[in-house]
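Encoded as structure tokens, the structure appears first; notes follow it.
Remember, it's a predicted structure, so these values are computed and weren't measured experimentally. Read the numbers this way: they start at 1 and go in the same order the structure lists the ligands and their atoms.
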Amino acid sequence: EALAPSAGRLKGKHILVTAGPTHEPIDPVRYIANRSSGKQGYEIAHALAALGARVTLVSGPVALAPPAGVTRVAVETAREMQAAVDAALPADAAVMVAAVADWRLGDAAEQKIKKGEAAPQLALVENPDILAGLAKSSQRPRLLIGFAAETERVVEHAVAKRTRKGADWIVANDVSGDVMGGDANTIYLVTATGVESWETLPKPDVARRLAERIADAL
Ligand code: CTP
Ligand code: CA
């Protein structure tokens with residue numbers, strides 16, 4: 001079989017990818033979560049492996065099979081995702097695609113909450129920011145990439161997020177249309193040197209283009 005010219009460009013590199021949502025339990029049968037199919041993150045893991053990288057995919061609950069040649073670590077909550085990310089280090093690059101729940105219940109119920117007269121008041125506490133934590137860690141990957149799903153002022157929010165979180169790149173996508181669970185993405189790549197706008201592409205094409213850019217940078 002003939003190999004594409006770019007095959008093997010990431011040989012010897014370890015790349016960490018987070019994907020999917022996190023689920024934060026309310027009680028044993030209920031949770032809060034962000035919307036995320038996991039498709040874009042899984043496509044990125046696949047594209048990186050296709051360039052020869054060793055890929056660790058830390059994934060929240062999704063209805064997808066792990067891509068061939070990728071090591072998947074399945075997690076449920078943000079705190080489990082953070083622990084799995086830490087355990088997978090060191091890495092040459094990290095691509096944080098997961099839609100991490102920003103809050104969890106301070107005190108999840110051990111038994112199923114029964115429907116009563118008053119609706120339960122959910123007291124939320126903030127989850128750890130996995131990307132921001134990794135940016136400050138002594139094991140910070142050389143290339144740290146965050147994602148940002150925005151519904152308005154996409155580039156403005158993404159530029160601010162890059163600095164605030166200490167990421168090298170932010171891959172911003174406009175989710176004001178029908179992107180969630182869909183098969184295409186409109187991307188702005190925000191780096192230290194500026195903002196690139198990509199044409200709307202199928203998710204596998206976004207993944208391949210990003211993987212090539214990562215190979216260029218490493
Ligand atoms: N992220 C993370 N841990 C969190 C929240 C977010 O690692 N607790 C990562 C995401 O995987 C993504 C990036 O940070 O790569 C941006 O996530 P986003 O939700 O857009 O950023 P927030 O800082 O949570 O801002 P917002 O208020 O817009 O949700
Ligand atoms: Ca968030």
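Follow the hydrophobic side-chain contacts under 4.5 Å out from Ile44 and you reach Ile15 in the same cluster.
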May I have every N or O pair linking ligand 1 to the protein at under 3.5 Å, one per line with atom names and distance?
{"unit_1": "ligand 1", "atom_1": "3 (N)", "unit_2": "Ile130", "atom_2": "N", "d": "3.0"}
{"unit_1": "ligand 1", "atom_1": "7 (O)", "unit_2": "Ile130", "atom_2": "N", "d": "3.4"}
{"unit_1": "ligand 1", "atom_1": "7 (O)", "unit_2": "Leu131", "atom_2": "N", "d": "2.8"}
{"unit_1": "ligand 1", "atom_1": "8 (N)", "unit_2": "Pro128", "atom_2": "O", "d": "2.8"}
{"unit_1": "ligand 1", "atom_1": "11 (O)", "unit_2": "Met96", "atom_2": "O", "d": "3.3"}
{"unit_1": "ligand 1", "atom_1": "11 (O)", "unit_2": "Ala98", "atom_2": "O", "d": "2.7"}
{"unit_1": "ligand 1", "atom_1": "14 (O)", "unit_2": "Lys165", "atom_2": "NZ", "d": "3.2"}
{"unit_1": "ligand 1", "atom_1": "15 (O)", "unit_2": "Met96", "atom_2": "O", "d": "2.6"}
{"unit_1": "ligand 1", "atom_1": "15 (O)", "unit_2": "Phe147", "atom_2": "N", "d": "2.8"}
{"unit_1": "ligand 1", "atom_1": "15 (O)", "unit_2": "Phe147", "atom_2": "O", "d": "3.3"}
{"unit_1": "ligand 1", "atom_1": "20 (O)", "unit_2": "Lys161", "atom_2": "NZ", "d": "2.6"}
{"unit_1": "ligand 1", "atom_1": "21 (O)", "unit_2": "Lys161", "atom_2": "NZ", "d": "3.4"}
{"unit_1": "ligand 1", "atom_1": "23 (O)", "unit_2": "Arg164", "atom_2": "NH1", "d": "3.4"}
{"unit_1": "ligand 1", "atom_1": "23 (O)", "unit_2": "Lys165", "atom_2": "NZ", "d": "3.0"}
{"unit_1": "ligand 1", "atom_1": "24 (O)", "unit_2": "Asp102", "atom_2": "OD1", "d": "3.0"}
{"unit_1": "ligand 1", "atom_1": "28 (O)", "unit_2": "Lys161", "atom_2": "NZ", "d": "2.9"}
{"unit_1": "ligand 1", "atom_1": "29 (O)", "unit_2": "Asp102", "atom_2": "OD2", "d": "3.3"}

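Of the inter-residue distances, the one linking Phe147 atom CZ with Asn173 atom CG reads 7.0 Å to the nearest 0.5 angstrom.
Look at Asp216 and Arg9 and you find a salt bridge, because one of the NZ, NE, NH1 or NH2 atoms lies within 4.0 Å of a carboxylate O, short of that distance. Residues Glu24 and Arg30 are not paired through a salt bridge, judged by the lack of any N-O separation under 4.0 Å between the basic side chain and the carboxylate.
Applying the side chain to side chain donor-acceptor pair (under 3.5 Å) criterion to Thr18, with sequence neighbours excluded, gives no partner residue.
Annotation: cation-pi geometry satisfied between Arg209 and Trp198 (NZ/CZ under 6.0 angstrom from ring centroid, within 45° of ring axis).
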